Amino acid sequence: MTANGLSRRGVLRGAALVGVGVATDGLAGCAEDRPNRQVSAADLRPRRRGGTLRIGVTGGSPKDTLDPHFPPTYPDQARVSNLYEPLFVRDPSYAVQPVLAESLESSADGKTWTLRLRQGVEFHHGKTLDVDDVAFTLRRILDPATKANGAAALACVDAAGLRRVDARTLVIPLKEPYALFKDQLAQYYMGIVPVGFDVSRPVGTGPFRFGSFTPGQTSVFHRFDGYWRIDQPYVDDLVIVDFPDDQARVRALLDGQVDAIDNLPQTKIDMVKATGAHVLISETGAWTPFTMRVDAEPFRDVRVRQAMRLVVDREQMVSQALNGQGRIANDLYAPFDVAYAKDLPQRQQDLPQAMSLLKQAGRAGLQVELVTSSGIGAGAVESARLFAKQARGAGVDVRVREIDGGAFYGQNYLSWPFALDYWFTRGYLPQVFQGSLADSPYNECHWNEARFNALVNQARGEADATRRGELLHEAQKIEYDSGGYVVWGFKNQVDAYSAKVTGFVPDRNLPLSSFQFRTVSFT
């Protein structure tokens, strides 16, 4: 679950399938808890090499970018996931796996980390990856001019103290301990670029190299024959097409104009299946929260924020707005984190209490505008409209304003007093650094609470997992009681693809198997 049209996602803004029986870097899963990890017969069909894979992706605008460290939209995220690669990545089960890194070891105090790179990796222009490129990338992310998604999370890195041991070994000193440092390096917006990188001539280590790019429309990429995974990618060319409109995106799939689409509207699942196309459903921790600016009226008053949380009928939201494709939430994010505060009482709709709180705050008969966009993804506008209906029961008049994705993530993004946005799955601390600190790139709620900040900073450096969990539980309790998010549910990621292609699997991260199109082929 990102100011200049940014996004994170899941920062437009933004990272994930269920556990593999291990706990890794603060997140966990269990084998019996992964029903959607089963591989279907469609995933086992014969593969063939060659062809042009065409992908329809939600949203996009003339502000689209190829910058790996600031991907604002779904199409941006799809592009950077194929042009570039990070040191580590979250696999479909959400465990951290090495990609460009071979290993990352911490000192006993958590302040010094030693990185060892994979051998024999090449950039698209022929240069061999070495630690100078990693150091350049870290410094680029930390450069305020880049406005990178990961800058807040990497603020603990002592950029001046980065030390090359040899071409594959880099010592990374931190200004303060960070027990989950590897997790931050496993985010999709941490792609490694070569020294001297120029976004106008994008070069990475990914499975596809740059071909052409028309912001807001179409981008073309070609198989990188020097890719370090010898057997991938399967297709010769990759075309990513922006589709701000849901209906146009679905029609493009059914008409054969594209081979796969992300964010299939939940109401279209049966219809798409009936055509012979495949629907890919992944249980994720993705969330589409209502965001209340805690520094703006009427949400400056915590009683108003509490009332808005009590307005929501969460079961109805999941059943109707998501067509059952999801599960209820409890005003907290990061459900797959081992520190997730699952013991806090499940918040239920309580209209009399909501009305009482609003009356106490002098806000009886409250009128507010709720801003959202279909460019946020399937179910967003439906969620906003349903919330408005539910709010009437507490005497609250919610006026929904639907705007296009380019406007939502334009110059007013992060300024809306009341909005509905989206985030992908992340662990708790990575999510906090993206959206819940004063210097977070996507602090939609303008949240800045002193005790919360102190707990997060203490937890970041705490090596003992039990103690770290206690600190994060207290931080979550503060957000649960007085935060600016209404986190009403976690939605399944629903995508669709043609019967002519194979290689997509359920994934807890980004849409369409985390946009890893290197694994996709024609049958």
Side-chain angles (χ1 to χ4, degrees), residues 1-15 59 70-74 77 147-153 189 285-302 304-306 308-309 312 329 331-334 368-373 375-377 380-381 383-384 387 398 400-403 405-426 428-449 452-453 456 475-476 478-480 482-491:
M1 163 209 262
T2 73
N4 296 335
L6 346 41
S7 192
R8 351 169 245 200
R9 337 150 137 351
V11 161
L12 275 216
R13 250 207 54 294
F70 184 71
T73 67
Y74 283 103
Q77 293 147 17
K147 299 180 180 179
N149 288 9
Y189 44 79
W287 43 301
T288 51
F290 298 105
T291 62
M292 302 176 287
R293 275 187 55 178
V294 302
D295 63 340
E297 299 297 343
F299 304 109
R300 195 186 305 273
D301 192 318
V302 67
V304 175
R305 303 199 296 273
Q306 291 170 341
M308 299 303 272
R309 289 171 160 182
V312 186
D331 298 322
L332 299 173
Y333 41 81
V368 292
E369 179 181 76
L370 173 59
V371 183
T372 191
S373 170
I376 290 170
V381 174
S383 301
F387 177 81
V398 177
V400 177
R401 177 154 70 103
E402 180 185 352
I403 59 180
F408 187 87
Y409 292 106
Q411 61 183 0
N412 291 320
Y413 181 57
L414 303 182
S415 297
W416 310 116
F418 191 38
L420 184 143
D421 201 0
Y422 83 97
W423 289 93
F424 291 130
T425 311
R426 285 189 179 87
Y428 187 72
L429 279 177
Q431 180 60 53
V432 165
F433 286 113
Q434 283 295 292
S436 295
L437 297 176
D439 60 350
S440 296
Y442 307 111
N443 189 350
E444 303 163 290
C445 299
H446 294 223
W447 174 250
N448 185 17
E449 206 279 338
F452 177 87
N453 297 343
V456 166
Q476 290 173 84
I478 293 173
E479 284 197 290
Y480 176 84
S482 58
Y485 283 124
V486 180
V487 188
W488 54 268
F490 299 114
K491 72 173 188 175

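The model shown is predicted, which means the values in this text are computed figures rather than measured ones.
Looking only at distances, no side-chain donor or acceptor of Asp331 sits under 3.5 Å from a matching main-chain atom of Val486. Remark: side-chain polar atoms of Ser482 are not paired, donor with acceptor, to backbone N or O of Val302 under 3.5 angstrom. Looking at Arg305, its side chain never comes within 3.5 Å of a backbone N or O of Arg293 through a donor-acceptor pair. Arg300 places a side-chain N or O within 3.5 Å of a backbone atom of Asp295 that can act as its donor or acceptor partner. Under a 3.5 Å cut-off, the side chain of Ser440 and the backbone N or O of Phe433 do form a donor-acceptor pair. For His446 (side chain) and Ser415 (main-chain N/O), no donor-acceptor pair under 3.5 Å exists by modelled atom type.
The nearest pair of heavy atoms linking Leu370 to Ala419 is CD1-C, 3.5 Å. Heavy atoms only, all atoms of each residue included: Trp447 and Gly484 are closest at CE3-N, 4.5 Å. Residues Asp439 and Ala152 approach most closely at O-CB, 3.7 Å, considering heavy atoms. Between Ser436 and Tyr485, the shortest heavy-atom distance links the atoms OG-CE1, 4.1 Å. Minimum interatomic distance between Ala329 and Val487 (heavy atoms only, all atoms of both residues): CB-O, 3.4 Å. The two atoms that bring Tyr480 and Arg309 nearest to each other are O-NH1, 2.5 Å, heavy atoms only.
In this structure the side chain of Cys445 never reaches within 4.5 angstrom of the side chain of Phe299, judged on heavy atoms. Taking 4.5 Å as the limit, every side-chain heavy atom of Pro417 sits out of range of all side-chain heavy atoms of Val368. A 4.5 Å side-chain heavy-atom check between Trp416 and Thr291 finds every atom pair outside the cut-off. Between Asn149 and Gln434, some side-chain heavy-atom pair lies under the 4.5 Å cut-off.
Remark: Phe452 CZ to Gln476 CD distance equals 8.5 Å, nearest 0.5 Å. In this structure, the separation between NZ on Lys491 and OG1 on Thr288 is 6.0 Å, given to the nearest 0.5 Å. The distance from atom CD1 of Ile403 to atom OG1 of Thr372, rounded to the nearest 0.5 Å, is 8.5 Å. Interatomic distance, OG of Ser373 versus CZ of Arg401, reported as 11.0 Å (0.5 Å rounding).
Taking the six-membered ring for Trp and thresholds of 30 and 60 degrees, Tyr413 and Phe408 have ring planes inclined between 30 and 60 degrees apart.
Between Trp488 and Phe387, the ring center distance fails the sub-6.0 Å criterion. In this structure, the ring of Tyr333 has its center less than 6.0 angstrom from the ring center of Tyr428.
The residue from Val432, Asn443, Asn448 that alone fulfils the side chain to side chain contact (heavy atoms under 4.5 Å, CB included) condition with Leu437 is Val432.
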